[in-house]
Amino acid sequence: MADKYNPADIEPKWQQRWEADGLYHSDIDPKRPKYYALTMLPYPSGDLHMGHWYTMAPADAQARQMRMRGYNVLFPMGFDAFGLPAENAAIKRNIHPKEWTYSNIANMRQQLRSMGAMFDWRREAISSDPEYYRWTQWLFLQLYKKGLAYRKMAAVDWCPKDNTTLAREQVVGENRVCERCGTPVIKKNLEQWFFRITNYADQLLNFDGIDWPEKIRTLQTNWIGRSEGANVIFRTEGGDEFSIFTTRPDTLWGATFVVLAPEHPLVAKVTAKNHKAAVEAYVAESTRRTDIERESTEREKTGVFTGGYAINPVNGERVPIWIADYVLMTYGTGAIMAVPAHDERDFEFARKYGLEVRPVIQPPDSEPLDGNTMKEATAHFGEMINSGPLTGTNADEGVKKTIAYLEKNKIGEGAVGYRIRDWLISRQRYWGAPIPMVYCKTCGVQPVPDDQLPVLLPDDVEWKPTGESPLKLHPSWKQTICPNCNEPAERDTDTMDTFMCSSWYFLRYLSPHYEKALFDPKEYDYWMPIDVYTGGAEHAVMHLLYVRFFWKALRDLGIVEGHEPMLKLRNQGQILSTDHQRMSKSRGNVVDPDELVRQYGADTVRAYLMFAYRWSEGGPWSDENIQGVVRWLYRVWDLFTGKEEGGRMRDKDVGRSLRRKVHQTIKRVTTDINEFEFNTIVSALMELTNAILEAKDAGAVGSPEWVEAQDVLLRLIAPVTPHIAEELWTRIGKPYSVHLQPWPEANDEAAKEDEITLVVQVNGKLRDRITVPAGISDTEAEKRALASEAVQRQLDGKKPRQVIVVKGKLVNIVV
RNA sequence: GCCGAAGUGGCGGAACUGGCAGACGCGCACGACUCAAAAUCGUGUUCCUUCGGGAGUGUGGGUUCGAUUCCCACCUUCGGCACCA
């Protein structure tokens, strides 16, 4: 009986048993409340690393605890298997991406199993399986039919290393680099597929009814970047109308010139003959520039006069039309009114090119502004001056009144601008779901009919990137017939962004092999929506935004119901390497969990990851502290397998205080696990273990309190360290399985303290601690506090001016 | 520049709504066991101290009987955005 704790023996044993028994199968059960716990699916990049364990093991513990609390828990797992990293790795090793991906999946599946998590593998979904991407393609077609997918020629972000376009969200940092490989992106004019995420901008700003971290909500809100203002219609002297967007319509009378983006469609038309050469040179120059140069705020503003003029609709003034690359075609209307007196950029530009600066807002508490002598623009609100009929309007009404004025005179209207761009989903790469569209010379763009899905990705392709889509180079793949006229036609040779695959994967878990639809409606009705989603915050404006957009689009298509797919989101922090850098294969600093599991066992690694960091924070990896957890589990083991010295308790308080600790721990663990505070759970469990050991020394063995303590401890550690819990549960003769037991209930009466430590302060400083009965009255507490020797010493004969008693906690004596 | 988060022992980190700062661990020191070491167990461990106390949660102020917690200013670190009109 007194054998050593050997995780290498017990962990595989129980994993096999659970597997054989289907212990973690999640099936519809109308009798139990459901709980869909989802954790982000991994990319099959080769090995499971510490980061995966760090997200998944605590998420598993929380899911397990919910199960013990009587919920029917779905905790599925799958692989986000399409995409660039797999393909790039395959190129480097010169093996087929498919082979590479699937062998990695086989490996990672084994690693995931070693964690002892309660994944229901029958529900595994792999996004690169035809039975999966068939539905990715089907969803694309649904969006297309709803007008939410469209094809457009645009200047798009292109990664010259990965040889593909990227979504705006996948270009990161101030150097505007590719999110995958860190290479600065360039612009290319290409015809590409986009999803109309901008249609949902306002809805995506609404987080009502979901419990998501403030941080993510802020990031998404900033990314969407809503700003209110007005569109104002200007006219060129030639009579062409164009509209400008401004957030400061109250400064309209101060517009002394207008600026078009170099790509603006009116540029050629407004350009006067004698300015043509300069304008064309400037346009050519700015197309050549990278985004980094062009969008850098450091760079001095440049521009050229077109020789054309526009009419300011509010005062009929003739203002020069310039072009400048600080005006972006992709935001607002690609044209601005320039109000140098009240906009820093316009001011800089006006001073450089000698254009008029005319103040039309007089901010309070400042000297009357003079356009000739101003040193900088002032963006403050204030009283409108020199503004025709609106002169004298005060700060808080200016914008509103100007919009009303514009609308009344039909020269503009209130408008909203967004920073977010439509989601570019075409990729010129091989390893992805083909875009199910066909191009016919006579019928144009045609969707592939549903019954021809999936459009299979061919295996026999030269997948190495050339800058062209690999599928384009395949000898026969793109040749097809038009679904409309049956004449020869060509397939779209691009594949879809992998973020598209991962925008709906949680729906496929419901019924991964269902052939009739995206999901089995019975499963959907029972399991959805997701009750809790766990994963990294680094996906804030990519995956986590796409998922919400996708769901809303699916809702509008009548495929799903409700406004949000995930009711609650919790982000873990990141585990950095020992060098405080992100773990990555290229840096060679990846910490391998397998090695630790071999050395200490999965239970120890699970508990350590929960114990060592605040889950939401993460931090640099260190295994120095792991000894604490190792020792703890050995102590737990000994508690159940060591010699039990029965006998008489030294006094009856031993039993009562043991029971108190047991019930206090139930409370703490239950609260903390549902708040995703895993480190304090392990602390509480260690404390309980220590308390039981102390009680053992005090002769508690065999008492009812002892029996209860053993029982509860095993139930409480079961979600954290499932294998040792199961082993010890069996060894003390309890019926298999501990994971089928109900979660213990805390008894408030038992958890209550009989005695409390009353803190005694004098002038807010701690002077004494006295032990008193828990239910002590305020007057009695005051009396005892004043009687304290330490207090008397402090008072030194002085009379207390005031005595504050906080019930059951402290007495503060003010002198 | 703008937005957000965080600064607590040698280290990881606790502290519910303003009420015992440093739980639980690591490490370290000393002790027990041992021929010895490891492991294990026990004791101690914020700093200073004349042993009465004093100081202490990034810095400086403020509110309060009382502040790690609330308010103001600043410093540092991290994350995000960045000519968005």
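This structure is a prediction, so every number in the text was calculated from the model and none was measured. Each chain gets a letter, A, B and so on, in the order the sequences are listed, and its residues count up from 1.
Every residue was checked against the salt bridge (Lys or Arg N to Asp or Glu O under 4.0 Å) condition with A/Asp623, not counting sequence neighbours, and none meets it. Applying the ring pair (Phe, Tyr, Trp, His ring centres under 6.0 Å) rule to A/Phe349 yields the partners A/Phe257, A/Trp322, A/Tyr326, A/Tyr353; only residues at least two apart in sequence or on another chain are considered. The salt bridge (Lys or Arg N to Asp or Glu O under 4.0 Å) test applied to A/Arg767 returns no partner, not counting sequence neighbours. Every residue was checked against the side-chain hydrogen bond (donor to acceptor under 3.5 Å, both in side chains) condition with A/Ser657, not counting sequence neighbours, and none meets it. Every residue two or more places apart in sequence or in another chain that forms a salt bridge (Lys or Arg N to Asp or Glu O under 4.0 Å) with A/Glu356 is listed here: A/Arg358. Considering only residues two or more places apart in sequence or on other chains, A/Thr218 meets the side-chain contact (heavy atoms from CB on, under 4.5 Å) condition with A/Glu214, A/Asn222. Legend: residues meeting salt bridge (Lys or Arg N to Asp or Glu O under 4.0 Å) with A/Glu179, ordered by chain and number and at least two apart, are absent. Judged as a side-chain hydrogen bond (donor to acceptor under 3.5 Å, both in side chains), and not counting sequence neighbours, A/Arg769 has no contacts.
A/Leu569 has its side chain within reach of A/Pro213: a pair of non-hydrogen atoms, C-beta onward, lies under 4.5 Å apart.
OP1 or OP2 of B/rA55 has at least one side-chain nitrogen or oxygen of A/Lys765 nearer than 4.0 Å. Under 4.0 angstrom from either OP1 or OP2 of B/rG27 there lies at least one side-chain N or O belonging to A/Arg631. For A/Arg767, no side-chain nitrogen or oxygen approaches OP1 or OP2 of B/rG53 to under 4.0 Å.
Within the nucleic acid shown, A/Arg226 has no heavy atom closer than 4.0 Å to any nucleic acid atom. Contacts of A/Trp632 with the nucleic acid, taken as non-hydrogen atoms under 4.0 Å apart, are absent. The residue A/Arg793 sits close only to the backbone: its heavy atoms come under 4.0 Å of sugar-phosphate atoms, none of a base.
Taking atom CG on A/Leu576 and atom C1' on B/rA6, their separation rounds to 14 Å, with Å as the unit. Between A/Ile717 atom CD1 and B/rC24 atom P there is a gap of 19 Å when expressed in whole angstrom units. When the P atom of B/rC26 is taken as reference, atom CH2 of A/Trp621 falls 16 Å away, rounded to whole Å. In this structure, the CD atom of A/Glu179 is 16 Å from the C1' atom of B/rC81, given to the nearest Å. The interatomic distance linking A/Leu328 (CG) with B/rC83 (C1') rounds to 7 Å, in whole Å. For the pair A/Leu685 CG and B/rG25 C1', the interatomic distance rounds to 13 Å; values are reported in whole Å. Atom CG in A/Asn571 sits roughly 16 Å away from atom P in B/rG79 (whole-Å rounding). One atom, CZ of A/Arg345, and another, C1' of B/rC2, lie 13 Å apart when rounded to the nearest Å.
Two rings, from A/Tyr546 and A/Trp223, have their centers 6.0 Å or more apart.
Of the residues in residues 331-339 of chain A, A/Tyr331, A/Ile336 come within less than 4.0 Å of RNA chain B through at least one heavy atom, sorted by number.
The list of side-chain hydrogen bond (donor to acceptor under 3.5 Å, both in side chains) pairs with a residue in residues 800-815 of chain A, not counting sequence neighbours, reads A/Asp778-A/Lys807.
Heavy-atom nearest nucleotides on RNA chain B were determined for A/Val814 and for A/Asn222, and the one closer to the 5' end corresponds to A/Asn222.
As rounded to the nearest Å, B/rC11 and B/rU46 have P atoms that lie 13 Å from one another. Nucleotides B/rA55 and B/rA67 are separated by 12 Å at their P atoms, to the nearest Å. Between the C1' atoms of B/rU40 and B/rU34, the separation comes to 12 Å (whole Å). Look at the P atom in both B/rG25 and B/rG19: the space between them is 25 Å, to the nearest Å. Here, B/rU57 and B/rG9 have their C1' atoms 10 Å apart, quoted to the whole Å. B/rC70 sits 10 Å from B/rU17 when the P atoms are compared, rounded to a whole Å. Distance check on atom P: B/rG18 versus B/rG13 gives 25 Å, rounded to whole Å. Between B/rU43 and B/rG52, the distance separating the two P atoms is 25 Å to the nearest Å.
Between the side chains of A/Tyr418 and A/Asp202, at least one donor N or O lies within less than 3.5 Å of an accepting N or O.
Relative to the side chain of A/Thr246, the nucleotides B/rA85, B/rG79, B/rC83 differ in distance, and B/rA85 lies closest. When the nucleotides B/rC26, B/rG80, B/rC24 are ranked by their closest atom to the side chain of A/Asn690, B/rC24 comes out on top. Checking B/rA85, B/rC26, B/rA82 against the side-chain heavy atoms of A/Gln627 singles out B/rC26 as nearest. Candidate nucleotides B/rC84, B/rC3, B/rC81 were compared by shortest atom distance to the side chain of A/Thr218, and B/rC3 ranks first.
Ring planes of A/Phe499 and A/His539: perpendicular class, angle over 60° (limits at 30 and 60°).
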At under 4.0 Å between heavy atoms, how does the protein contact nucleotides 12-23 of chain B? Give one character per nucleotide, 5' to 3', with B, S or -.
BSS-B--BBS-B

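For the strand RNA chain B, secondary-structure stems (runs of at least three Watson-Crick or G-U pairs, all distances below 3.5 Å) span B:1-7 with B:75-81, B:10-12 with B:24-26, B:27-32 with B:40-45, B:46-48 with B:53-55, B:58-62 with B:70-74.
Taking the syn range as angles within 90° of 0, the glycosidic angle of B/rG52 is syn. Taking the syn range as angles within 90° of 0, the glycosidic angle of B/rG9 is syn.
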Between A/Arg168 and A/Asp422, does the salt bridge (charged side-chain N to carboxylate O under 4.0 Å, His left out) criterion hold? Intermediate values first, please.
CA-CA 8 Å; A/Arg168 182 61 190 79; A/Asp422 275 342; over 6 Å; no

